[in-house]
There are 2 protein chains.
Amino acid sequence: MSLPTPGKPVRGSKSGNHLMALFDLLGRSWSMGIIWRLHEGSCTFRVLQDRCESISPTTLNKRLKELTQSFLIARTVDGYTLTDKGREIFLLLKPLESWARDWAKEFESNE
Amino acid sequence: MSLPTPGKPVRGSKSGNHLMALFDLLGRSWSMGIIWRLHEGSCTFRVLQDRCESISPTTLNKRLKELTQSFLIARTVDGYTLTDKGREIFLLLKPLESWARDWAKEFESNE
DNA sequence: TAGCTTTGCTACTCAAAATGTAGCAAAAAT
DNA sequence: ATTTTTGCTACATTTTGAGTAGCAAAGCTA
């Protein structure tokens, strides 16, 4: 499979830039959502699918493979977990949560 | 145009969750890349297109409209700028940069 | 001020990615 | 042993993004 690997950039970026490779990985549908949901606790494919509500099994499968090969998640006997790296990324994404709440106010006052 | 608005979620997410709306917005191709490049300084469409190297004008145009309507960027007489909100998001994304460098080491040692 | 260039797009066509649904083999439950 | 659940995969369709071409408006140039 062709993956976003640092130094081997993806989707048109010829920069060889690790950050852009990360943006590409996280910038695919459900990537960040999956990391977010997995942080609630390790779980099976099925349970993760339920947590993500509307994700299709095809996409979930694809994202899981990519994220696994990118060392953000790992398979265990009973499903999928965040790796240490995955938990680090989660912590970097976490501040977006409260930011998004404030952001919503812009929409409320401008609509 | 149909946009990711908090409370009016997008791409299958029926949660009404602001964070997921944000994930959806940022999780489109080039969204984070554009924010990153715009932080180098306000610029015109053309210059931004050059900074992003391989982005197509169609996609750049679409992303710019979305990000503008989401209050992350704004138009000025001489192009596009990050808004205060946009600069806030940039600051939240910034830690990913050094993280991505460490991440790259995983790939080097496992390939 | 007439022509030439650059800018900021839009309209198209085509390729890639994501969705939706069906279904199937393996494991687990009954 | 049979049924159910799990973890996918295959396939068809829709949506998204890329890759041109080109055009109207602004700016520069002679």
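From a predicted model like this one, the values you see are computed outputs, not experimental measurements. Per chain, numbering begins at 1; letters A, B, ... match sequence-line order.
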Verify the contact: side-chain N or O of A:Thr58 to OP1 or OP2 of C:dA18, cut-off strictly under 4.0 Å; return yes or no.
no
Provide, to the nearest angstrom, the distance between the CG atom belonging to A:Asp78 and the C1' atom belonging to D:dG7.
14 Å
Classify the ring geometry of B:Phe71 against A:Phe107: parallel below 30°, tilted from 30° to 60°, perpendicular beyond 60°.
perpendicular
Tell me: CG of B:Asp24 to P of C:dA18, nearest whole Å?
12 Å
Please name the pair of heavy atoms, one in A:Ser56 and one in A:Thr59, separated by the smallest distance, quoted to 0.1 Å.
OG-OG1, 3.0 Å
Return the value, rounded to whole Å, for the distance between atom CD of B:Gln49 and atom C1' of C:dG8.
9 Å
A:Thr44 near the nucleic acid: base, sugar-phosphate alone, or nothing, with a heavy-atom cut-off under 4.0 Å?
sugar-phosphate
How long is the line joining CG of B:Asn61 and P of C:dC12, in whole Å?
15 Å
Can you tell me the distance, in whole Å, between the CZ atom of B:Arg46 and the P atom of D:dG27?
15 Å
Which residue lies toward the 5' end of DNA chain D, B:Thr59 or A:Val47, if each is placed at its nearest nucleotide?
A:Val47
Where does the angle between the aromatic ring planes of A:Phe90 and A:Trp36 fall among parallel (under 30°), tilted (30 to 60°) and perpendicular (over 60°)?
tilted
Could you state the CG-P distance from A:Leu64 to D:dT9, rounded to the nearest angstrom?
11 Å
Which nucleotide in the set C:dC9, C:dA18, C:dT21 lies at the smallest distance from any side-chain heavy atom of A:Pro57?
C:dT21
Does A:Arg75 make a side-chain N or O approach to OP1 or OP2 of D:dC8 shorter than 4.0 Å?
yes
Distance, rounded to the nearest Å, where B:Leu48 contributes CG and C:dT6 contributes C1'
17 Å
Salt-bridged, A:Asp50 to A:Arg46, with N to O below 4.0 Å?
no
Using a cut-off of less than 4.0 Å, is there contact between a side-chain N or O of B:Ser56 and OP1 or OP2 of D:dA18?
yes
Proximity to the side chain of A:Phe45 - top-ranked nucleotide from D:dG17, C:dG8, D:dC8
D:dC8
Given C:dT7, is OP1 or OP2 found less than 4.0 Å from the side-chain N or O atoms of B:Tyr80?
no
Could you check whether A:Glu108 pairs with A:Lys105 (Lys NZ or Arg NE/NH1/NH2 to Asp/Glu carboxylate O, under 4.0 Å)?
no
Looking at A:Arg63, I'd like to know whether one of its side-chain N or O atoms comes within less than 4.0 Å of OP1 or OP2 on C:dA18.
yes
Please tell me if B:Lys65 has a side-chain N or O lying less than 4.0 Å from either OP1 or OP2 of C:dT10.
yes
Atom-to-atom span, CG of B:Leu60 to P of D:dT20 - whole angstrom
17 Å
